[in-house]
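For reference, the structure is listed below as structure tokens.
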Amino acid sequence: MRAAIDIGRRDVEAVFLSCTALRCSGIIDAVEATIGKPVVTSNQALAWDALRKAGETQSVPGAGRLWMH
């Protein structure tokens, strides 16, 4: 979490956490709230894309900005 916040405070548009072995779902909202920028993980993006392709468009509160669209 500290690393994501440190990176997010830099001149970046978003933070991408690419390792599929990291459990990040529990910190996405907190990091986004702290840095004011989107945070996306590779597992989160894969699940989001698969559900959208299956026709599911419901928002998932608490799962980060990606899931609110």
Side-chain angles (χ1 to χ4, degrees):
M1 184 169 174
R2 285 190 310 250
I5 291 170
D6 289 344
I7 291 168
R9 288 185 171 150
R10 298 178 187 178
D11 185 22
V12 298
E13 293 181 24
V15 174
F16 178 69
L17 304 172
S18 64
C19 182
T20 59
L22 296 175
R23 291 187 176 189
C24 300
S25 61
I27 67 165
I28 294 170
D29 270 351
V31 175
E32 286 184 342
T34 302
I35 65 174
K37 299 171 186 173
V39 175
V40 178
T41 73
S42 51
N43 287 340
Q44 173 199 38
L46 177 65
W48 179 89
D49 186 55
L51 287 170
R52 292 307 186 259
K53 286 181 178 176
E56 179 59 55
T57 59
Q58 185 174 346
S59 294
V60 180
R65 293 182 191 188
L66 177 65
W67 288 91
M68 298 308 293
H69 302 290

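Everything numeric in this text was worked out from a predicted model, so none of it was measured.
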Cluster check Trp48, Leu46: I/L/V/M/F/W/Y, side chain < 4.5 angstrom: no
Under 3.5 Å, which donor-acceptor pairs link side chains of residues 8-16 to any protein atom two or more places apart or in another chain?
none

Does Asp29 have any side-chain hydrogen bond (donor to acceptor under 3.5 Å, both in side chains) partners at least two apart in sequence or in another chain, and if so, which? none
Separation between CZ (Arg52) and CG (Leu66), nearest 0.5 Å, reads 7.0 Å
Examine distances only and state if a side-chain atom of Gln58 and a backbone atom of Val60 form a donor-acceptor pair shorter than 3.5 Å. no
Roughly how far, to the nearest 0.5 Å, is CZ of Arg23 from CG of Asn43? 11.0 Å
Just grab all the salt bridge (Lys or Arg N to Asp or Glu O under 4.0 Å) pairs involving residues 38-51, residues at least two apart or on different chains. Asp49-Lys53
What's the shortest heavy-atom distance between Ser42 and Ser18, and which atoms? OG-O, 3.0 Å
Here the gap from Ile5 atom CD1 to Ile27 atom CD1, rounded to the nearest 0.5 Å, amounts to 7.5 Å
Results of salt bridge (Lys or Arg N to Asp or Glu O under 4.0 Å) for Asp6 - residues two or more places apart only: none
Between Gln44 (side chain) and Trp67 (backbone), is there a donor-acceptor pair under 3.5 Å? no
Starting from Leu22 and following side-chain heavy-atom contacts under 4.5 Å between hydrophobic residues (I, L, V, M, F, W, Y), which residues can be reached? none
The single option from Lys37, Arg2, Met1 passing side chain to side chain contact (heavy atoms under 4.5 Å, CB included) against Val31: Met1
What distance do Ile7 atom CD1 and Leu17 atom CG have between them, rounded to the nearest 0.5 Å? 7.5 Å
Between Ile28 and Val39, the two heavy atoms sitting closest are CG2-O, 3.8 Å
